[in-house]
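Each chain gets a letter, A, B and so on, in the order the sequences are listed, and its residues count up from 1.
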Amino acid sequence: MTTQANGSALPPAYEPASVESRIYRMWEEAGHFQPKIDPDREPYTIVMPPPNVTGELHLGHGLEDAITDALVRWHRMQGDPTLWLPGEDHAGIATQNVIERELAKEGLTRHDVGREAFVERTWMWVRKYRSRIADQHRQLGASADWSRNTFTLDPQIVKAVRTTFVNLYEQGLIYRGLRMINWCPFHETALSDLEVDYEDIAAKLYYIRYPIVGEGGMPLPDYVVVATTRPETMVGDTGVAVNPADDRYEEKIGRMLMLPIIGREIPVVGDDAVKPEFGTGAVKVTPGHDPNDWEIGQRHDLPVIVAIDLKGNMNDEAGPYAGMSVDDARAAILRDLEDEGFLDHVEDYTHSVGVCSRCKTVLQPLPSEQWWLDVNKEYEHGHSLAGDAMRAVTEGRIGIVPQRFEKVYLNWMENIRDWCISRQLWWGHQIPVWYCENKHTTCQVNDLDKCPECGAAVRQDEDVLDTWFSSGLAPHADLGWPDDTDDLRYFYPTADMQMGYDIMFFWCARMIMFGLYNMRERGEERSMPFRHVLFHGLIRDAKGEKMTKSRGNVVDPLVAAATFGADAFRLAVLTGATLGADQKYSDDRLTSARNFANKLWNTARFVLMKVGDRRIKRPHPLDRETFALEDRWIMSRLEQLELDVDSLMKAYQLGECARQIEDFLRGELCDWYIEMVKPRLNEGDERPLKVLVHVLDHGLRMLHPFMPFVTEELWQTLREHLDDDMASQLIVAWFPKSGNNWKDAASETSIEHVIEVNRTIRNIRAEKKLEAGARPKVVLRASAYSAALKDTAAATNFTSRVELEVLDTSATIPAGEWAFGRVADTEVAVALPQVDAAVERARLEKELGESSGHAERLEKQLANETFRSKAPAHVIAGMEATLAETKDKVAGLRERLGSL
RNA sequence: GGGCGGUUAGCUCAGAUGGUUAGAGCGCUGCGUUGACAUCGCAGAGGUCACUGGUUCGAAUCCAGUAUCGCCCACCA
């Protein structure tokens, strides 16, 4: 044998820790993450969903890296100029909160330090965490272009944000207005509808008597009972509404009621929004603290009284309850109502309340001046933000994967309302609007120091924009918009986008609206931010619970990667579920993925050991004539795999694709091909080396998008032994493209048969409890497959440890003690020391039952005229072949039963 | 109140355009260290594909309905 130096040079087990950082550095230093702009080639671009700068990457980011990197590496290996554009998000509320908590440890609030110092302090935090986040991506193998890394508060993005704002403002889509908003008393800011969660709470429905006022302002003994879950808001009541069609209250409409305790007179109004069947059919109207009541108040010109302040406490409007918290005020009011006989009765009642999606504080609906984006207004004839965003999807310019999410997207977009974009925070994009003391308002991109109209000093609007306003610009802004940059011209529109389905509305929807709007000069076919958007599911813990800090079940992807290897982590999350579906995460899956990496490692180790110091030429199609049956088989199987990989990748079936490659390498290459050719290799036959090196090379290439580190490490050694035009690194090597050179259906059928025969032999060995070390004689009697069985006899002798003799059907099996089996046309006889006739009979009878049942079903179907006329020919032919084989088998079984 | 998804082996999940006896990993049982790999190999047990009805020559796959779990949307005083 030749030298074993190269194979033995690899340690016997794959050790990710000793490989990953070195390999990553090698890629990055070679500049492979940075695409070269080539006008003759279509680029592949994908923008990374920017993680919040507030902290660590979680499993969701790990999954995203696995998905994106697989797509990116696949395209890069196809030769596409490939750009994966990374970034981080300033994450307004989340980040501000982190810094406020830091301050709180020093006993300070943000107001103590002031806006400027607070923002500076936040920047210090950001600088520290940004590089940390990038390092975390690196550890997972993300081949993103760090030279283009973008932060959502970079000057370039500020310019993009302001330009967008100004354009929308000038077209009247952005406006400032007094509306009912969701106010979070904890964060002390307005929120958009999307940032509201609803929680069911067990509460009470309080029925309160509102006396009717007679002539002269005196309360009458008669009263109207209203039902409310929030009695404390009655201090802000300015009316009571009933349905105008409700007979019970018909004559009450227009009369005045006396607000209990407070003593204010309020009118009864008729409004269709009131449902007669709910409660008493009469509802107290508090326009200052309820969105519905706000609407009713608008319709009936009712005054608005705001009685709750921005921290959730009662203000002076609450009279005797001023200064109390909402909860205290509720208790006090109920006590007073009861004391004075106004509380009619109380019922248990479960309803949902809006809470802040971040801190779960119960939100206060308040009328407030905020900035809004009107997504339905036409900015040009026939064009609105939401309308364009819907059409891009319905007309197929943007594809949603999986497609079922299309409906969710469209349904949301159809019902979308104006977006509250201002936040009362300090960290973020400050609104580019300036006011002067003469009430002039200026909205412009550049900073302003004096009023262009009157020259007076100006003050910038203090609010900042919703974080998603800037994220929504990502694809074009990250590429340089509003400037006309090379990147923007070349890489926009981006190809794919990928995110968890949970941020479809927050992010995907906004990117589509903003992209189409800002890039509209490009025309419909080139203005969309991306051509496909992929929605992946959430990763839950092993019990299916959502991973949250409070549950303490959060898994750090870097710990997983450090324990099992980044490749194992990536493979595990990628194959854990299909796109769009949630997956449960457990170490078991990581373990098997790690084991596969090790299996691959040892496969390569074996091949390299056998190759020694040779340089191998790839198999040429002309070699087929000289190749053994199993050589032709594995080459044919490889070619089929390449075809399947191509179509699966194109269909974004990444998990299925990885699984199929793994199945091939494990189940066909390792389990069968390698085992079968060992005897030939031992005899110095070098043909299998050609095949082994080629198949391993292609396998590593195809697996690289999924398991980049181990494949690159192995390929670095393998390439030294392949006499071919090779790239220096696998990351930029060509991806196997399926040709039609090796497809060989006959070889596939033959080897499948040989494998089944081997399985049957082994099965008999195990069932008959033959000595593991024994080499029993085996006689095969076959017709059509006899040549294949003879060709592979040496292999079978080796892999199943037998002494094989292949006979034609004309020959008879010699006398002696045999255990019999059958595979299609092949009768398998394994020599036995002795046979237990009863056990053998039982086994044969069971098998006979199964086989004759199968034959009957086939016969019945084949006898069916409709089937014969409608089914495709290959199905019928296949079934007939199976029937023939099954009949042979039945005959054989009967014969053997008879001879027992 | 609308909408969506899941329900396949003990567990976690695959099964594209319907097609011959439904797969993998883990777990389980038995055997095994034949120089790539015990992070391994071989063999085996284990499934009426949630249920009912329909379409079809043929259904895990398509249609309708039911059950159950989960999710999303919606201004339920």
- Task: Rounded off to whole Å, could you give me the CG-to-C1' distance for the A:N682 and B:rU34 pair?
- Result: 11 Å
- Message: Could you tell me how far apart A:F664 (CZ) and B:rG23 (P) are, to the nearest whole angstrom?
- Response: 20 Å
- In whole Å, what is the span from the OH atom of A:Y198 to the P atom of B:rC73? 10 Å
- Task: Starting from C1' on B:rG35, measure out to NZ on A:K678 and report it in whole angstrom.
- Result: 9 Å
- Task: Kindly determine whether A:Y652 and A:H532 satisfy ring-ring contact (aromatic ring centres under 6.0 Å, His included), including the steps that lead there.
- Result: CA-CA 10 Å; A:Y652 301 101; A:H532 291 96; 5.5 Å; yes
- Is the distance from OP1 or OP2 of B:rU12 to the nearest side-chain N or O of A:Y585 less than 4.0 Å? no
- Message: Expressed as a whole number of angstroms, how long is the span from A:R868:CZ to B:rU56:C1'?
- Response: 18 Å
- Query: Taking atom C1' of B:rA22 as reference, at what distance in whole Å does atom CZ of A:R857 sit?
  - Reply: 13 Å
- For B:rU7 and B:rU12, measure between their C1' atoms and round to the nearest Å. 14 Å
- Between A:K887 and A:E859, is the closest basic N to carboxylate O distance under 4.0 Å? yes
- Task: For B:rU68 and B:rC51, measure between their P atoms and round to the nearest Å.
- Result: 15 Å
- Query: Which residue, A:L205 or A:L858, contacts RNA chain B at a nucleotide closer to its 5' end, judged by nearest heavy atom?
  - Reply: A:L858
- Query: Under the 3.5 Å rule, do the base of B:rA14 and the side chain of A:Q660 count as making a donor-acceptor pair?
  - Reply: no
- Which whole-number value in Å describes the distance from A:E880 CD to B:rG19 C1'? 14 Å
- Task: Test for a donor-acceptor pair under 3.5 Å between the base of B:rC4 and the side chain of A:K407, counting only N and O atoms.
- Result: no
- Query: For the rings on A:Y501 and A:F405, is their centre-to-centre separation under 6.0 Å?
  - Reply: yes
- Query: Could one point to a donor on the side chain of A:K650 or the base of B:rA16 with an acceptor on the other under 3.5 Å away?
  - Reply: no
- Message: Just the rounded figure in Å: distance from C1' of B:rU21 to NZ of A:K860.
- Response: 16 Å
- Message: With a cut-off of less than 4.0 Å, is there a side-chain N or O of A:N415 near OP1 or OP2 of B:rC73?
- Response: no
- Looking only at atom types and distance, does a side-chain atom of A:S800 sit under 3.5 Å from a main-chain N or O of A:V802, one as donor and one as acceptor? no
- Task: Taking only the side-chain nitrogens and oxygens of A:K599, find out if one of them lies under 4.0 Å from OP1 or OP2 of B:rC37.
- Result: no
